[in-house]
Colleague: 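Take a look at this one; I'll ask things after.
Residue numbers start from 1 in every chain, and the chains themselves are labelled A, B, ... in the order their sequence lines are given, proteins ahead of strands.
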Amino acid sequence: MTNNAIEIQNLTKNYDGFSLGPLNFNIPMGCMVGYIGENGSGKSTTLKAILGLIRADSGEVRIFGKNIKEYKPTLMNRIGVVFDDINIPGEMKVKEVGTFCKFAFDTWEETTFNHYLKRFELPKEKKIKALSRGMKMKLSLSIALSHQAELLILDEATSGLDPVVRDEILDILLDFLQDEKHTVLISSHILSDLEKAADYIAFLHNGQILFMEEKDMLVERYALCSLDHETIQNLDSDAIVGRRKHAFGQDLLVIRDLMPAGIEMVKPSIEDIMVYIIKGEENESIAL
Amino acid sequence: MLYVEDKVNIQISNASSDPIYLQIKNQIKASIISGKLRAEEQLPSIRYLAKELRVSVITTKRAYDELEIEGFINSVQGKGSFVSIQNKELIREVQLRKVEASLLDAIKGAELAGLSIEELKDLLETLGGVEDDQ
């Protein structure tokens, strides 16, 4: 028995001018994992490869211990997918979606679906193409939650939605995670409110995983501070991960344990860590 | 009947320099020491606590793990976490000893300042907010 919902080994995919991987990481069962990175870093490509929607050049993906290529039809019942775009004909009405999904999933539960339609206040008589982005997203999520999925994969699903809707979705995801066999993998370039509840953060940059770590560890390891140039000269250079220079001093992302006592530091957000690590690289290349 | 939620108040401050798991741990500890949470009482599950506080499950698990190591709670596989029995008295005892030590310090300080025990008692009552009957 494996304790990972997803296992990724040596996954690679090459396009003209962009290569992803080789990726090696696992998504532990019972957790929410935030898959973050800039636009174009390869997040969607990874998720599509995980789901077998695109063919990887090499490597293997196992979901619940099973190879996705061999077991795709049975595995897809157990995976709820919410992508940027909804994959349902635009002319269809909301109330007809259930009938459509009955054919797509062996494990379809009409009553659960109707429960979510009500909870999200989705208009049953409206056509899919007439729904707002937020409503489409809620409909997608309703479908994903109505076929006994144990793994939810959300790709940029919440970007572009207003904070109130994102908040509702966070509640739904946390409800889903009350079952310890349930797992959520959510990709985003803006995590903000969702990052609070994530257990792990996998950080993708230029097609490579820079880290896959417990969020708590990240937030404890790093710190933000603002210092003058002179103070910075005296710091251990290993302590500085990234910096933003401005006319009057520097803002730094530092490793907390390597800093001398008495310097005021604040906890960084995951977004701060992401921005400073990427900027840190750029600064080094300028220095060279 | 009081639900366990009514007995444990947990407020998380992002401004605090304490990590979140420590804030949770200390507040549950305070509820146990103060007796709000009684021995054998069941604590909320780590998943429920994480959901309510909107923090990572790893965070709440770490808080519970440390409370268990320190003997404040027991976790029973498949059943949940409970306030420990034996150590309840011990915890009180430890707390009592801390109070005694602080009082001894205060007495020493009072002697230096020439305060009588009687005056010290008055001071304690004033600080403790006890109303004067007369």
Colleague: Determine the option with the most heavy-atom pairs under 4.5 angstrom with chain A, choosing from B:A50, B:P19, B:S45.
Modeller: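 Counting heavy-atom pairs under 4.5 Å, the top option is B:P19.
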Colleague: So A:E38 and A:H205, side chain to side chain donor-acceptor pair (under 3.5 Å) or not? Walk me through it.
Modeller: CA-CA 7 Å; A:E38 304 138 275; A:H205 181 51; 2.5 Å; yes
Colleague: Give a yes or no on whether the backbone of B:V57 and the side-chain of A:D199 come within a donor-acceptor separation of less than 3.5 Å.
Modeller: yes
Colleague: Side chain, backbone, both or neither: which part of B:T60 has a non-hydrogen atom closer than 4.5 Å to chain A?
Modeller: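 Nothing of B:T60, per the 4.5 Å heavy-atom cut-off to chain A.
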Colleague: Sub-3.5 Å donor-acceptor pair from the side chain of B:Q23 to the main-chain atoms of B:S13, do we have one?
Modeller: yes
Colleague: For A:S44, check side chain to side chain donor-acceptor pair (under 3.5 Å) against everything at least two apart and list the hits.
Modeller: A:D155
Colleague: By ring-ring contact (aromatic ring centres under 6.0 Å, His included), which residues pair with A:F25, not counting sequence neighbours?
Modeller: A:Y35
Colleague: If you count heavy atoms of other groups shown closer than 6.0 angstrom to CD of A:E180, is the number above 12?
Modeller: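 It does not: A:E180 CD has 12 such atoms or fewer within range.
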Colleague: A side-chain contact here means heavy atoms from C-beta on lying under 4.5 Å apart; do A:F120 and A:L141 qualify?
Modeller: yes
Colleague: Please look at A:D179 and chain B and tell me whether the side chain, the backbone, both or neither of the residue comes under 4.5 angstrom of a heavy atom of that chain.
Modeller: backbone
Colleague: How would you list, in number order, the residues of residues 107-123 of chain B that have a heavy atom less than 4.5 Å from chain A?
Modeller: none
Colleague: Under a 4.5 Å cutoff for heavy-atom pairs, which residue among A:K215, A:M265, A:E220 has the most contacts with chain B?
Modeller: A:E220
Colleague: What residues form a side chain to side chain donor-acceptor pair (under 3.5 Å) with B:D18, not counting sequence neighbours?
Modeller: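 Not a single residue meets the side chain to side chain donor-acceptor pair (under 3.5 Å) criterion with B:D18.
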Colleague: Which residue out of A:E214, A:K267, A:Q178 racks up the most heavy-atom pairs below 4.5 Å with chain B?
Modeller: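 Highest number of heavy-atom pairs under 4.5 Å: A:Q178.
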